[in-house]
Amino acid sequence: MKIIKKYSAPFLVFLMIAGFSNFLAANDTIIIKAVGTWDYFTNYQKHEGPFWNKRIAQVSDGQIIGEIKPHTELGLQGYEIMRLVKNGVFDFAFGLPGYVVPESEIFEGADLSSLVQNIDVQKQVAHAYFPTLERAFAEKYNAKLMMLYPFPSQMLWCSRKVSNIEDLKGKRIRVFLTTLGDFVEGVGAIPVSVPYNDVPEALEKGIVDCVITGTMSAYTSKLYKVASHGFTLRVGWGLAFGAMNMNKWNLLSSEQKALLKNEIAVLTESMWQETAKEDAVALACLSKGPCAIGDIGNMVMVEPSKSDLIVRNKIAMDVILPRWAERCGPECAANWNRTVGKILDLRAEAKAR
């Protein structure tokens with residue numbers, strides 16, 4: 001008993017020091033638990049997955065290690081992702097603003113349907129609206145917005161002939177965002193919600209006449225087997241975000257923060273460039289080729305005419321922007337007018353009642 005008394009105090013001190021050292025060593029490495037988008041889309045395969053599973057560990061010399069899985073593999077729908085980030089279940093998430101719209105309609109503002117036909121202009125819109133979304137992510141989810149990036153542009157794919165925007169009247173069209181539903185109703189068509197995996201069957205069985213989805217996803221899901229025509233009016237860009245739990249962000253050193261910001265900036269730019277290329281590749285593959293990634297779809301591609309764009313502009317002014325301004329409120333609309341509106345020379349105003 002005397003021996004135990006003699007050495008117990010120093011031994012306890014040793015254990016405390018050793019334990020503290022192990023704690024420091026364990027915390028030298030920051031592990032980022034991330035969730036990605038769809039495993040069957042190239043954004044995850046080429047960018048989201050490799051960035052967290054490989055790239056960040058390499059460039060940080062193992063100080064930051066990422067672990068990511070797509071939400072499809074995790075059995076998530078997408079709409080719950082940012083709540084899980086807020087609660088610390090995930091440290092980082094990629095996702096669509098449409099997933100967070102239930103928290104605030106302000107998240108729709110960077111990708112309102114059909115307003116932008118050019119990817120370079122869409123990039124300007126994303127840059128202009130970034131500070132607005134940055135504040136919203138911080139306030140709603142205690143998260144730091146790190147990036148905005150596009151999926152290939154969203155177009156219309158129809159099972160029967162479509163020659164112009166007027167031909168969409170009365171058709172049942174698959175949508176996945178509220179603002180896309182506004183566009184569809186604006187052309188006199190009927191919006192229908194269909195999960196992405198069910199889109200080919202819905203077209204084949206006549207549940208819908210047309211679907212809205214991205215160019216590359218239309219090709220990879222082989223819509224050309226059930227759809228004969230593509231109407232290449234861009235009705236959206238599938239603009240996506242990358243956001244990080246603020247508590248996790250604050251655990252990083254200033255050097256680690258700088259490294260992560262720089263790497264994400266590089267990732268973002270590569271995704272914008274890749275999307276522009278994918279649009280062209282997918283459209284070629286869906287139509288007459290050439291196609292280096294698979295079969296040629298032989299779909300008929302119909303480009304919007306000047307008169308189609310005039311109709312589109314009227315729908316934007318009379319339906320899409322007023323409805324969004326009504327949902328989002330006067331302050332939100334005024335902020336949009338100061339940012340995105342200046343770039344597009346448009347104003348969002350709710351209709352007087």
Please identify which of these residues, Asp318, Thr178, Asp182, meets the side-chain hydrogen bond (donor to acceptor under 3.5 Å, both in side chains) condition with Arg323. Asp182
Under 4.5 Å between any side-chain heavy atoms of Ile119 and Trp272, yes or no? yes
Test item: Thr42 side-chain N/O and Gln45 main-chain N/O as donor-acceptor pair under 3.5 Å: no
Can you confirm whether more than 12 heavy atoms, excluding those of Lys288, are under 6.0 Å from its NZ atom? yes
Any side-chain heavy atom of Val281 sitting closer than 4.5 Å to one from Thr215? no
Does Asn118 offer a backbone N or O that forms a donor-acceptor pair with the side chain of Arg234 under 3.5 Å? no
Report yes if the side chains of Val194 and Val211 come closer than 4.5 Å at any heavy-atom pair, otherwise no. no
Residues Ile56 and Gly66: closest non-hydrogen pair is CG2-N, 3.7 Å
Is there a donor-acceptor pair under 3.5 Å between the side chain of Asn250 and the backbone N or O of Met246? yes
Ring-ring centroid check Phe92 Phe51, cutoff 6.0 Å: no
Any sub-3.5 Å donor-acceptor pair from Ser228's side-chain atoms to Ser159's backbone N or O? yes
Looking at Trp336 and Gly109, would you say the former's side chain and the latter's main chain have a donor-acceptor pair under 3.5 Å? yes
Any side-chain heavy atom of Tyr219 within less than 4.5 Å of one from Cys291? yes
Apply side chain to side chain donor-acceptor pair (under 3.5 Å) to the pair Asn335 and Thr132, showing each step before the final yes or no. CA-CA 8 Å; Asn335 173 72; Thr132 300; 2.9 Å; yes
Does Val311 belong to the same Ile/Leu/Val/Met/Phe/Trp/Tyr cluster as Val116, with side-chain heavy atoms less than 4.5 Å apart forming each link? yes
Mind checking whether Met147 and Phe41 sit in one hydrophobic cluster, side chains of I, L, V, M, F, W, Y counted as touching below 4.5 Å? yes
Gap between atom CG of Asp167 and atom CG of Leu156 - 0.5 Å precision: 12.0 Å
With side chains defined as the heavy atoms from C-beta onward, is the minimum distance between His229 and Met301 less than 4.5 Å? no
Side-chain contact test, heavy atoms from C-beta onward, threshold under 4.5 Å: evaluate it for Ser307 versus Asn164 and give yes or no. no
Shared hydrophobic cluster, Ile310 / Phe183 (ILVMFWY, side-chain heavy atoms < 4.5 Å): no
Transitively linked via ILVMFWY side-chain contacts under 4.5 Å: Leu233 with Val208? no
Scanning both residues in full, the closest heavy-atom pair of Ala325 with Glu349 reads CB-C, 3.7 Å
Under-4.0 Å salt bridge between Lys171 and Asp209: no
Measure the shortest side-chain to side-chain distance between Glu105 and Trp324 over non-hydrogen atoms and say whether it is less than 4.5 angstrom. yes
Does Gly236 offer a backbone N or O that forms a donor-acceptor pair with the side chain of Ser113 under 3.5 Å? no
Closest heavy-atom pair, Ala136 versus Ile106, reported as atoms and distance to 0.1 Å, is CB-CG2, 3.8 Å
Please check if the side chain of Tyr40 supplies one atom and the backbone of Thr220 the other of a donor-acceptor pair under 3.5 Å. no
Give the ring-plane orientation class for Tyr141 versus Phe107, where under 30° counts as parallel, over 60° as perpendicular and anything between as tilted. tilted
What are the two closest non-hydrogen atoms of Ala348 and Asn337, and how far apart are they? N-OD1, 2.7 Å
Check against side chain to side chain contact (heavy atoms under 4.5 Å, CB included), Glu108 and Arg327: CA-CA 10 Å; Glu108 291 181 287; Arg327 291 195 297 269; 3.1 Å; yes
Other residues, nucleotides, ligands: >12 heavy atoms within 6.0 Å of Glu269 CD: yes
Kindly compute the distance separating NZ (Lys225) from CG (Leu203), expressed to the nearest 0.5 Å. 14.5 Å
State the OG1-NZ distance between Thr268 and Lys261, to the nearest 0.5 angstrom. 12.0 Å
Work out which heavy atom in Ala34 is nearest to a heavy atom in Trp52; give both atom names and the distance. CB-CD1, 3.9 Å
Do Val226 and Phe231 land in one hydrophobic cluster if side-chain heavy atoms of ILVMFWY residues count as linked below 4.5 Å? no
Does Met146 form a side chain to side chain contact (heavy atoms under 4.5 Å, CB included) with Trp249? I'd like the steps, not just the answer. CA-CA 11 Å; Met146 303 293 290; Trp249 171 257; 3.7 Å; yes
Main-chain N/O of Lys86 paired to Asn142 side chain as donor or acceptor, under 3.5 Å: no
Between Leu252 and Met244, is there a side-chain heavy-atom distance shorter than 4.5 Å? yes
For Ile212 and Val184, run side chain to side chain contact (heavy atoms under 4.5 Å, CB included): C-alpha distance rounded to whole Å, both residues' side-chain angles, the deciding distance at 0.1 Å, then the answer. CA-CA 10 Å; Ile212 294 174; Val184 167; 4.0 Å; yes
Around atom NZ of Lys257, are there more than 12 heavy atoms from other residues, nucleotides or ligands closer than 6.0 Å? yes
Closest non-hydrogen contact found for Pro304 with Leu309 is CB-CD2, 4.3 Å
Could you tell me whether the side chain of Trp157 and the main chain of Thr213 form a donor-acceptor pair under 3.5 Å? yes
Would you compute the distance between atom CG of Asp91 and atom CD1 of Ile68 and round it to the nearest 0.5 angstrom? 11.5 Å
Would you give the length of the straight line joining atom CD1 of Ile190 to atom CG of Leu168, rounded to the nearest 0.5 angstrom? 12.0 Å
Separation between CD (Glu48) and CZ (Phe94), nearest 0.5 Å, reads 5.0 Å
Spell out, as yes or no, whether a donor-acceptor pair under 3.5 Å connects the side chain of Arg312 to the backbone of Ser114. yes
Evaluate side chain to side chain contact (heavy atoms under 4.5 Å, CB included) for Ser221 paired with Tyr196, printing each intermediate quantity in order. CA-CA 9 Å; Ser221 62; Tyr196 173 77; 3.3 Å; yes
